[in-house]
K.L.:
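For reference, the structure I am asking about is given below.
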Amino acid sequence: MILSGGSGLLCSHHRLHLRFSSASRLVTTQAYDPLRILFCGSDDFSIASLKALHAEHVKQPGRIASIDVACRPGKRVGRGLKQLRQVPIKATAAELSLPIHEIDTFTGWKPPVFPDGPINLIVAVSFGLFVPPRILNGAKYGGLNVHPSILPDFRGPAPLHHTLLAGRTTTGVTLQTLHLKNFDHGVILAQTPPPGFEIPHPDSCTVPDLLKIVSPKGADILVEGIRKGLFVAPLKDVGWYSPKQHEDLIHAAKIKPEDRHIDWASWTGADISRRHRVLGPLWSRSLVISESSGPIPTFQQRRVILTNFEEVQPLEGCDSFALVPGLPFIDGEHTVDVNSDKGVYVFTRDGKLIRIHQMKVEGQPNADALRAALKARMIGSRTFSSHAASFAPFHNPLC
């Protein structure tokens, strides 16, 4: 029934709906004390979250009372370790006029205490140090973490690299609590809905490209989670991976130099191209003739970094080299000349042909591949009776 009166009067059903909606909002948004946050971060991914939190602090100081920033100390780098490289988030914190705490360990360190009370929420985003139970238990609301994957998939320190290495076309972000014992094992409080958002141009996407996409989304999920008070007990786990799906999960282990070491016996041309795009210049090993060799040549191992290469169409008359993946050769030259514009080639396990334009042999500068090979004495400047000149395979078993 419509009540009499002006147009501003509501029907009883509509008023009941409003009361129900208000009650629902009260249920979904938990009340909490003004937050005194210790934000632990390092890189561009964490910078996006810090900026979003600071904007929320300025807009809603009753919600976020203060933000202190913890980061790792700068490290000496370069020749003679004369240059001090600071973590990127330190400059951002300084620009925002936020207190900065440089710590390389939590041992013996205590969070700041304010007139209104101690730090009551820890936020760690791409920090690198494990926040110990002593710090988490000392904060009333524990800790939060933003992770650039749909956990528990790609749990670990390098989720962006491994997402691209796995050839995924979708990804997401997760807001979780900080676990007392392990990285990335907290309660999932919010998460990108299935199947995740699309990765633009997944066949050419790089880690910096993906970082630009996930960083604002990670910042959004953090601020929205704080607005809703998702960190206030009782916590609700909203992770949508089923136990059955856990069988196919990938651990995003730390990227190490060995991950760029080409496995000629196993990697296809697509594997090599993808790893080069995601991880940067790949490397292999080769034997070179020792400079002190006498009448009988002796060999030394040298690391060879392939700094510029591309997949090309097969060359006529070089099929025999495809039988030995990782065996570099120079095509079309009976006399190997340092001034030749010919390239260095190598076949992959699946028969794809790669032309190496530039490479860096250990102990030498980056150079044209043929010049680098001759200078490093990977091959001698002499006449060959075969159609193509070859030299020691990159994957020589003696390496």
K.L.:
Are any of the side-chain heavy atoms of L129 and T105 separated by less than 4.5 Å?
P.N.:
no

K.L.:
Find the distance between NZ (K140) and CZ (F231) and round it off to the nearest 0.5 Å.
P.N.:
10.0 Å

K.L.:
So, for C40 and F106, which heavy atoms are closest and what is the spacing to 0.1 Å?
P.N.:
SG-CZ, 4.5 Å

K.L.:
Donor-acceptor pairs under 3.5 Å, side chain of residues 207-221 to any protein atom, not counting sequence neighbours: which ones?
P.N.:
unit_1: D209; atom_1: OD2; unit_2: T206; atom_2: N; d: 3.2
unit_1: D209; atom_1: OD2; unit_2: T206; atom_2: OG1; d: 3.0
unit_1: S215; atom_1: OG; unit_2: L211; atom_2: O; d: 2.7

K.L.:
Does some side-chain heavy atom of L374 sit less than 4.5 Å from a side-chain heavy atom of R371?
P.N.:
no

K.L.:
Once rounded to the nearest 0.5 Å, what's the spacing between atom OG1 of T192 and atom CG of L151?
P.N.:
10.0 Å

K.L.:
Should Y241 and L249 count as side-chain neighbours, where that means a heavy-atom distance under 4.5 Å?
P.N.:
yes

K.L.:
According to the interplanar angle, ranging from 0 to 90°, do the rings of F329 and F347 count as parallel (below 30°), tilted (30 to 60°) or perpendicular (above 60°)?
P.N.:
parallel

K.L.:
Which atom pair, heavy atoms only, marks the closest approach of F130 to L180?
P.N.:
CZ-O, 3.5 Å

K.L.:
Do T170 and E198 pair up side chain to side chain, a donor and an acceptor below 3.5 Å, judged on atom types alone?
P.N.:
no

K.L.:
Could I get the full list of ring-ring contact (aromatic ring centres under 6.0 Å, His included) partners for W283, not counting sequence neighbours?
P.N.:
H261

K.L.:
Verify the distance criterion only: is there a donor paired with an acceptor across the side chains of Q83 and R85 at less than 3.5 Å?
P.N.:
no

K.L.:
Is the closest side-chain heavy-atom distance between L282 and W267 below 4.5 Å?
P.N.:
yes

K.L.:
Rounded to the nearest 0.5 Å, what's the gap from CD1 on I67 to CD on E56? Could you check?
P.N.:
9.5 Å

K.L.:
If we ignore hydrogens and angles and just use 3.5 Å, is the side chain of R72 paired with the main-chain N or O of Q86 as donor and acceptor?
P.N.:
no

K.L.:
Could you list the residues that satisfy side chain to side chain contact (heavy atoms under 4.5 Å, CB included) with T169, not counting sequence neighbours?
P.N.:
P202

K.L.:
For the pair H179 (side chain) and N182 (backbone), establish whether a donor and an acceptor sit closer than 3.5 Å, ignoring hydrogens and angles.
P.N.:
yes

K.L.:
Over all heavy atoms of both residues, which pair between A70 and L38 is shortest? Give the atoms and the distance, please.
P.N.:
CB-CD1, 4.1 Å

K.L.:
Can you list the steps and then say if T348 with I272 is a side-chain contact (heavy atoms from CB on, under 4.5 Å)?
P.N.:
CA-CA 9 Å; T348 64; I272 292 173; 3.7 Å; yes

K.L.:
I'd like to know whether the aromatic ring centres of F321 and Y345 sit less than 6.0 Å apart in this structure.
P.N.:
no

K.L.:
Let me have the donor-acceptor pairs involving side chains of residues 111-126, under 3.5 Å, with sequence neighbours excluded, atom names and distances please.
P.N.:
unit_1: N120; atom_1: OD1; unit_2: R36; atom_2: N; d: 2.7
unit_1: N120; atom_1: ND2; unit_2: P34; atom_2: O; d: 3.1
unit_1: S126; atom_1: OG; unit_2: D43; atom_2: OD1; d: 3.1
unit_1: S126; atom_1: OG; unit_2: D43; atom_2: OD2; d: 2.7

K.L.:
Q300 vs L287, test: side-chain contact (heavy atoms from CB on, under 4.5 Å). Steps then yes/no.
P.N.:
CA-CA 5 Å; Q300 295 179 328; L287 293 181; over 6 Å; no

K.L.:
Is it the case that over 12 heavy atoms from other parts of the model lie below 6.0 angstrom from the NZ atom of K360?
P.N.:
yes

K.L.:
When you measure from the side chain of R302 to the backbone N and O of V361, does any donor-acceptor pair fall under 3.5 Å?
P.N.:
no

K.L.:
Please list all pairs meeting salt bridge (charged side-chain N to carboxylate O under 4.0 Å, His left out) that have one or both residues in residues 167-181, counting only residues at least two apart or in different chains.
P.N.:
D153-R168

K.L.:
Mind checking whether L279 and H161 have side chains closer than 4.5 Å, heavy atoms only?
P.N.:
yes

K.L.:
Is any side-chain heavy atom of P88 less than 4.5 Å from a side-chain heavy atom of I47?
P.N.:
yes

K.L.:
Could you state the interatomic distance from CG (L306) to CG (N308), rounded to the nearest 0.5 Å?
P.N.:
10.0 Å

K.L.:
A side-chain contact here means heavy atoms from C-beta on lying under 4.5 Å apart; do I89 and D44 qualify?
P.N.:
no

K.L.:
Give a yes or no answer on whether the side chain of S284 reaches the backbone of V304 with a donor-acceptor pair at less than 3.5 Å.
P.N.:
no

K.L.:
Spell out, as yes or no, whether a donor-acceptor pair under 3.5 Å connects the side chain of H57 to the backbone of A55.
P.N.:
no

K.L.:
With sequence neighbours excluded, what pairs up with H357 under the ring-ring contact (aromatic ring centres under 6.0 Å, His included) test?
P.N.:
none

K.L.:
Of the non-hydrogen atoms in E102 and K90, which two are nearest, and what is the gap between them?
P.N.:
OE1-NZ, 3.2 Å

K.L.:
Ignoring hydrogens and geometry, is there a side-chain-to-backbone donor-acceptor pair from N145 to L178 under 3.5 Å?
P.N.:
no

K.L.:
Okay, side chain of S273, backbone of G269: is any donor-acceptor separation there less than 3.5 Å?
P.N.:
no

K.L.:
Could you check whether H185 and R155, counting side-chain N and O atoms only, form a donor-acceptor pair closer than 3.5 Å?
P.N.:
yes

K.L.:
For the residue pair D368 / Q358, report whether a side-chain donor-acceptor contact shorter than 3.5 Å exists.
P.N.:
no

K.L.:
Compare all side-chain heavy atoms of Q30 with those of L230 and state whether any distance is below 4.5 angstrom.
P.N.:
no

K.L.:
What are the two closest heavy atoms between F309 and I356, and how far apart are they?
P.N.:
CB-CA, 3.9 Å

K.L.:
For Q313, does the CD atom sit with more than 12 other heavy atoms under 6.0 Å from it, leaving out its own atoms?
P.N.:
no

K.L.:
If you compare all heavy atoms of H162 against all heavy atoms of I255, which two are closest, and at what distance to 0.1 Å?
P.N.:
NE2-CD1, 3.7 Å

K.L.:
Look up atom CD in Q364 and atom CE in M359, then write down how far apart they are to the nearest 0.5 Å.
P.N.:
9.0 Å

K.L.:
Quick check, are the ring centers of F154 and H251 under 6.0 angstrom apart?
P.N.:
no

K.L.:
Can you measure from CG (D271) to OG (S266) and round to the nearest 0.5 angstrom?
P.N.:
9.0 Å

K.L.:
Determine whether R355 and E311 satisfy the following criterion, salt bridge (charged side-chain N to carboxylate O under 4.0 Å, His left out), listing intermediate values before the conclusion.
P.N.:
CA-CA 6 Å; R355 175 170 178 168; E311 184 178 322; over 6 Å; no

